[in-house]
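Okay, structure first, notes after.
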Amino acid sequence: MSKIKSHWKNYIDGDWQEGGAGWLDVTDPASGGVLAKQAMADALDVDKAVQAAKRLHLSGVWSDLRPVERSRMVQKMGQYLLDHIEDIAQILTLEQGKPLWESRLEIEGAARYFEYYGNQGETIEGRSVPLGGSYFDFTTHEPYGVSAQIIPWNYPVEMTARSLSAALVTGNACVVKTPELTPLTNAYFAHAAEYVGLPKGAVNILCGLGHQAGAALSAHPDVNQIVFTGSVPTGIAIAKAAAQNVVPSILELGGKSAAIVYPDADLEALVSDVRWGIYFNAGQVCSAMSRMIVHESIHDQLVELLAAMASSLSVGPGIERTEFGANMGAMVSLSQRDRAAGMVSEARDAGATLVTGGHAMNSPGAFLEPTILADLTPDMTIAREEVFGPVLSVLKCRNEEEALVIANGTDYGLVGGVFTADLDRAMQAVRKIKAGQIFVNEWYAGGVETPFGGYGKSGYGREKGREALWNYVQTKNIAIRLR
Ligand code: NAD
């Protein structure tokens with residue numbers, strides 16, 4: 001493995017710069033060791049980045065390009081990521097903890113956003129509105145201008161790719177605030193921007209503390225649109241800041257998503273889905289299958305199958321887990337691991353059965369055993385609040401009505417799933433589950449093409465798919481009086 005650079009700077013106005021808030025140690029969660037130092041932006045650095053983006057926007061150098069030209073550059077940025085996949089994957093695994101093969105998947109997923117939105121860039125067209133013979137009326141879609149994007153630590157490459165690609169292809173200039181725990185890999189977006197020849201100011205990448213750089217960015221009066229992915233409390237703070245400046249925001253927040261399992265489900269396929277659904281990225285996935293609601297007639301049999309799968313996963317440093325398989329890496333930090341382990345232990349105190357896992361392991365790394373809790377009641381904290389770790393909460397139900405009440409019984413509504421051989425039964429549930437995306441018989445079915453976003457406290461606005469593009473443009477109507 002090549003040695004990681006010791007100091008990582010911010011990329012502002014086409015230039016690599018140190019930050020006014022000093023340097024942050026970025027640690028490897030698998031060992032606790034310091035990997036590198038990241039420059040930390042303060043409010044002044046944020047202002048420099050926003051002004052650079054604003055200057056570019058006002059110049060028209062980026063927004064006035066023919067869409068196909070922007071699209072080609074956006075597509076090439078994705079190719080740049082693929083061309084450097086091994087370098088990026090190693091750094092991602094070292095800073096975030098996930099197995100190397102998962103890092104590669106994340107980078108492929110990130111590149112896919114640039115491919116997809118690169119393809120979509122030419123499809124944003126206005127329409128002509130009939131107003132009778134005396135008028136000609138048409139609409140155009142214009143970029144907002146400065147798009148601020150605040151990124152979480154769980155999928156730093158994919159989450160940045162998701163908003164950056166759509167914002168750029170529609171002609172916006174971007175300021176990305178990277179997560180404090182996993183800032184390093186985002187530097188590759190700046191390299192990609194330079195490589196493909198994006199104008200200065202189109203992509204600014206900076207790290208900083210949430211309550212400093214993040215708050216300064218979301219409250220900046222020259223930011224025209226905000227995309228936030230992260231926790232509910234931060235989402236609320238950002239929505240308030242956006243409201244103060246009367247700018248639109250997209251909030252992609254947490255979830256407590258449930259799979260409903262009926263007695264006729266294919267249990268073997270389901271076990272494999274649970275392996276992905278809750279143990280991929282050590283469960284640190286907003287749309288994780290963190291709850292399972294199982295019909296009582298198959299509950300014990302299914303829990304036994306799941307426990308065998310969970311306990312078969314080999315847990316250890318992601319950098320040693322190079323190939324797809326039954327393995328899991330570290331969580332992102334000791335504090336996230338301890339928080340998750342604490343929630344498991346509280347659940348036991350409240351009467352839950354620990355079926356398997358639940359314990360911290362492989363000290364000094366941030367590892368938690370793949371965990372399954374059963375005999376939960378819907379009112380328990382573990383059944384309502386996001387753990388954001390490798391912990392599956394299994395609840396029993398007697399019938400479909402009860403399953404749906406439990407499924408809809410949290411404040412969240414990000415995704416949901418139904419597992420049954422009966423499509424009519426599935427569709428009944430699909431209509432009633434309150435969530436932005438529903439999986440039938442395969443958790444995570446879908447892709448970059450399928451719109452994603454929450455109901456309830458899981459947020460608003462949609463990322464991914466055609467729907468996301470409309471979040472990055474504003475419609476202008478032009479009415480011409482003919483003489
Ligand atoms: P977080 O809210 O703590 O931080 C997210 C980002 O917001 C970080 O860059 C952070 O620095 C910044 N931030 C923190 N305080 C801020 C403030 N006051 N103003 C502006 N920015 C601020 O979330 P996290 O712990 O990094 O991520 C985990 C959470 O994100 C989980 O709840 C998870 O469900 C959610 N998440 C959601 C999605 C989705 O697409 N819905 C994807 C990934 C993660």
Side-chain angles (χ1 to χ4, degrees), residues 21 24 38 40-41 43 46 95-96 98 106 109 113 148-163 175-183 186 205-220 223 226-242 244-245 249-257 278 280-290 331-333 335-337 339-340 343 385-389 410-415 435-437 444 446 448 450-465 468 471:
L24 173 83
Q38 167 67 49
M40 296 294 274
V46 168
E95 68 176 349
Q96 205 277 340
K98 64 185 70 186
E106 177 170 344
Y113 281 107
Q149 307 178 359
I150 300 177
I151 309 298
W153 46 257
N154 60 340
Y155 284 96
V157 184
E158 230 175 316
M159 296 300 97
T160 300
R162 187 167 80 179
S163 36
V175 180
V176 176
K177 208 297 274 171
T178 63
E180 300 92 309
L181 288 170
T182 59
N186 263 250
I205 307 273
L206 50 84
C207 188
L209 297 177
H211 65 273
Q212 291 175 356
L217 180 58
S218 52
H220 198 294
V223 161
I226 305 177
V227 189
F228 171 72
T229 305
S231 63
V232 175
T234 310
I236 293 170
I238 284 170
K240 283 184 183 164
Q244 285 297 329
N245 288 326
S249 57
I250 304 164
L251 301 184
E252 295 282 5
L253 310 179
K256 190 75 192 178
S257 303
I278 191 65
F280 191 53
N281 206 26
Q284 301 160 115
V285 184
C286 48
S287 49
M289 186 202 288
S290 51
M331 293 182 67
V332 75
S333 68
S335 72
Q336 284 296 316
R337 193 275 311 275
R339 179 180 167 276
M343 286 182 80
E385 288 182 13
E386 192 176 41
V387 178
F388 222 55
T410 76
D411 291 341
Y412 292 111
L414 194 52
V415 306
Q437 189 169 33
Y444 295 143
V448 168
T450 49
F452 176 74
Y455 280 26
K457 294 239 167 29
S458 291
Y460 49 71
R462 293 292 176 267
E463 288 276 77
K464 305 169 76 172
N471 293 321

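As the structure lists them, so they are numbered: ligands from 1, and atoms in each ligand from 1. Everything quoted here is computed from the prediction, not taken from an experiment. Values reported hereafter were calculated over all heavy atoms of this structure, with side chains retained and with hydrogens, waters and symmetry mates removed.
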- Could you tell me whether Lys457 atom NZ has more than 12 heavy atoms of other residues or ligands within 6.0 Å of it? no
- Item | Short N or O distance, Arg162 and ligand 1, threshold 3.5 Å exclusive | yes
- Item | Residue, atom name and distance, where the atom is the protein heavy atom closest to atom 12 (C) of ligand 1 | Ile150 CG2, 3.6 Å
- Message: At under 4.0 Å between heavy atoms, is it the side chain or the backbone of Phe452 that contacts ligand 1, or both, or neither?
- Response: side chain
- Message: Which of the numbered atoms in ligand 1 are under 4.0 angstrom from any heavy atom belonging to Pro152?
- Response: 26 (O), 27 (O), 43 (C), 44 (C)
- Note on the structure: Between the CD atom in Gln149 and the CG atom in Leu217, the distance rounded to the nearest 0.5 Å is 9.5 Å
- Message: Heavy atoms only, cut-off 4.0 Å: how does Glu180 contact ligand 1, side chain, backbone, both, or neither?
- Response: side chain
- Query: If you measure every N/O of Leu253 against every N/O of ligand 1, is any gap under 3.5 Å?
  - Reply: yes
- Query: Does ligand 1 have a heavy atom under 4.0 Å from the side chain of Leu181, from its backbone, from both, or from neither?
  - Reply: neither
- Message: With nothing but distance in play, are any N or O atoms of Gln336 less than 3.5 Å from an N or O of ligand 1?
- Response: no
- Please work out whether any backbone atom (N, CA, C, O) or any side-chain heavy atom from C-beta onward of Glu386 is under 4.0 Å from ligand 1, and answer side chain, backbone, both or neither. side chain
- Non-hydrogen side-chain atoms of Phe228 and Pro152 separated by less than 4.5 Å: no
- Message: Lys177 versus ligand 1: do any nitrogen or oxygen atoms come within less than 3.5 Å of each other?
- Response: yes
- Straight-line distance of Tyr155 OH to Arg162 CZ, nearest 0.5 Å: 11.5 Å
- Note on the structure: for atom 39 (C) of ligand 1, nearest protein heavy atom and its distance come out as Cys286 SG, 3.0 Å
- Which bit of Leu217 gets closer than 4.0 Å to ligand 1, counting heavy atoms only: side chain, backbone, both or neither? neither
- Query: If we only count heavy atoms from C-beta on, is the Ile238 to Leu251 side-chain gap below 4.5 Å?
  - Reply: yes
- Message: Are the side chains of Val415 and Tyr444 in contact, using a 4.5 Å heavy-atom criterion?
- Response: no
- Message: Can you give me the closest heavy-atom contact between Gly436 and Arg462, atom names plus distance?
- Response: CA-NH2, 4.0 Å
- Look at atom 1 (P) of ligand 1 and say which protein heavy atom is nearest, naming residue and atom and giving the distance to 0.1 Å. Ser231 OG, 3.5 Å
- Item | Where Glu106 and Val157 come nearest, the two heavy atoms and their spacing | OE2-N, 2.9 Å
- At what distance is the nearest protein heavy atom to atom 44 (C) of ligand 1, and which residue and atom is it? Asn154 ND2, 3.3 Å
- Looking only at non-hydrogen atoms, the one of Tyr155, Trp153, Phe228 nearest atom 7 (O) of ligand 1 is Phe228
- Query: Are side-chain heavy atoms of Cys207 and Met40 found at a separation under 4.5 Å?
  - Reply: yes
- Message: With side chain to side chain contact (heavy atoms under 4.5 Å, CB included) as the test, pick out the partner of Pro156 among Val176, Leu181, Thr182.
- Response: Thr182
- Using a heavy-atom cut-off of under 4.0 Å, does the side chain or the backbone of Lys240 touch ligand 1, or both, or neither? neither
- What's the spacing between Lys240 NZ and Ser249 OG if we round to 0.5 Å? 13.0 Å
- Message: Give me the nearest non-hydrogen protein atom to atom 22 (C) of ligand 1 as residue plus atom name, then the distance to 0.1 Å.
- Response: Thr234 CG2, 3.3 Å
- Task: Considering heavy atoms of the protein only, find what lies nearest to atom 9 (O) of ligand 1 and give residue, atom and distance to 0.1 Å.
- Result: Ile151 O, 2.7 Å
- Does Glu158 have a heavy atom less than 4.0 Å from any atom of ligand 1? no
- Message: Please report the interatomic distance CE(Met289) to NZ(Lys256), rounded to the nearest 0.5 Å.
- Response: 13.0 Å
- If you scan protein heavy atoms around atom 17 (C) of ligand 1, the nearest is Gly210 O, 3.3 Å
- Per-atom contacts, ligand 1 versus Pro179 - under 4.0 Å to a heavy atom: 9 (O)
- Item | Non-neighbouring partners of Glu158 that pass salt bridge (Lys or Arg N to Asp or Glu O under 4.0 Å), sequence neighbours left out | none
- What do you reckon, does Ile238 have a nitrogen or oxygen under 3.5 Å from a nitrogen or oxygen of ligand 1? no
- Message: Among residues at least two apart in sequence or on other chains, which ones pass ring pair (Phe, Tyr, Trp, His ring centres under 6.0 Å) with Phe280?
- Response: Trp276
- Heavy-atom distance from atom 27 (O) of ligand 1 to the protein below 4.0 Å? yes
- Query: Of all the non-hydrogen atoms in the protein, which one sits nearest to atom 35 (C) of ligand 1, and at what distance?
  - Reply: Gly230 O, 3.1 Å
